[in-house]
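Here the structure is laid out as structure tokens; the discussion comes afterwards.
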Amino acid sequence: MDFVKDRTLKANQKVKVYLNLNMMGRFSIQDYKSGLVVGYADSVLLKDVEMKISLSRQKRARDEKRRNVHAVAVGNFISADVDRPEDLKNRGYYNPFMVDTFVDEETQQPIFMASMVYCGERRIFYRRAGAPIENEQLVMGL
């Protein structure tokens, strides 16, 4: 993970994560309270996640036929630049020109919340909200 300036990131810190369109598939990690980008990573692991879309910015992207940042995963930071946990098998994505929300790749059903999300490989891998957590040490950031 590459930090911006002297900014820091702690386990369980609430963050917004989005695919950085200018960094070849890397993800930006933004502090939820301050709105400042604290770092960039190839992958990010979050827990207690809500998938958010700004409808006005989505409309602008569609009208202008040009991508902009308007879709984020909001959750508690666990770690960055780690391998995907094996139990996160559900795959999801968001493309403003094809779908209205984050959707499951297989079922095309909307994803609004998840108990855990791995952002990597230009998509998300997730565990549905309320699903049991198999590796408690992973969640504690140990």
Mind checking side-chain hydrogen bond (donor to acceptor under 3.5 Å, both in side chains) for Arg62 and listing every partner two or more places apart, or none if nothing turns up?
Asp100
Holding to side-chain hydrogen bond (donor to acceptor under 3.5 Å, both in side chains), I want the full list of residues that pass it with Tyr32, two or more places apart in sequence or in another chain.
none
Closest heavy-atom pair and its distance - [X], [Y]:
X: Ile111; Y: Gly92; value: CD1-CA, 4.0 Å
X: Leu46; Y: Phe77; value: CD2-CA, 3.8 Å
X: Met1; Y: Gly39; value: CE-CA, 4.3 Å
X: Val117; Y: Leu88; value: C-CD1, 4.4 Å

Is Gln30 close to Leu36 at the side-chain level, that is, under 4.5 Å between some pair of heavy atoms?
no
With under 30° as parallel and over 60° as perpendicular, where do the rings of Phe102 and Tyr94 fit, or are they tilted in between?
tilted
Is Arg91 positioned over the aromatic face of Phe125, cation under 6.0 angstrom from the ring centre and no more than 45 degrees off axis?
no
Taking everything shown except [X] itself, do over 12 heavy atoms lie less than 6.0 Å from its [atom1]?
X: Arg122; atom1: CZ; answer: no
X: Asp83; atom1: CG; answer: no
X: Glu106; atom1: CD; answer: no

Output the distance between atom [atom1] ([X]) and atom [atom2] ([Y]), rounded to the nearest 0.5 Å.
X: Lys14; Y: Glu50; atom1: NZ; atom2: CD; value: 7.5 Å
X: Tyr93; Y: Arg123; atom1: OH; atom2: CZ; value: 9.5 Å
X: Ser43; Y: Asp81; atom1: OG; atom2: CG; value: 5.0 Å

Would you say Asp31 and Gln13 are linked by a side-chain donor-acceptor pair, where the criterion is simply a distance under 3.5 Å?
yes
Can Tyr126 and Arg128 be counted as having a side-chain donor-acceptor contact under 3.5 angstrom?
yes
Report, one line per pair, each donor and acceptor closer than 3.5 Å where one atom sits in a side chain of residues 17-25; sequence neighbours left out.
residue	atom	partner	partner atom	Å
Asn20	OD1	Asn22	N	2.9
Asn20	OD1	Met23	N	3.3
Asn20	ND2	Ser28	OG	2.9

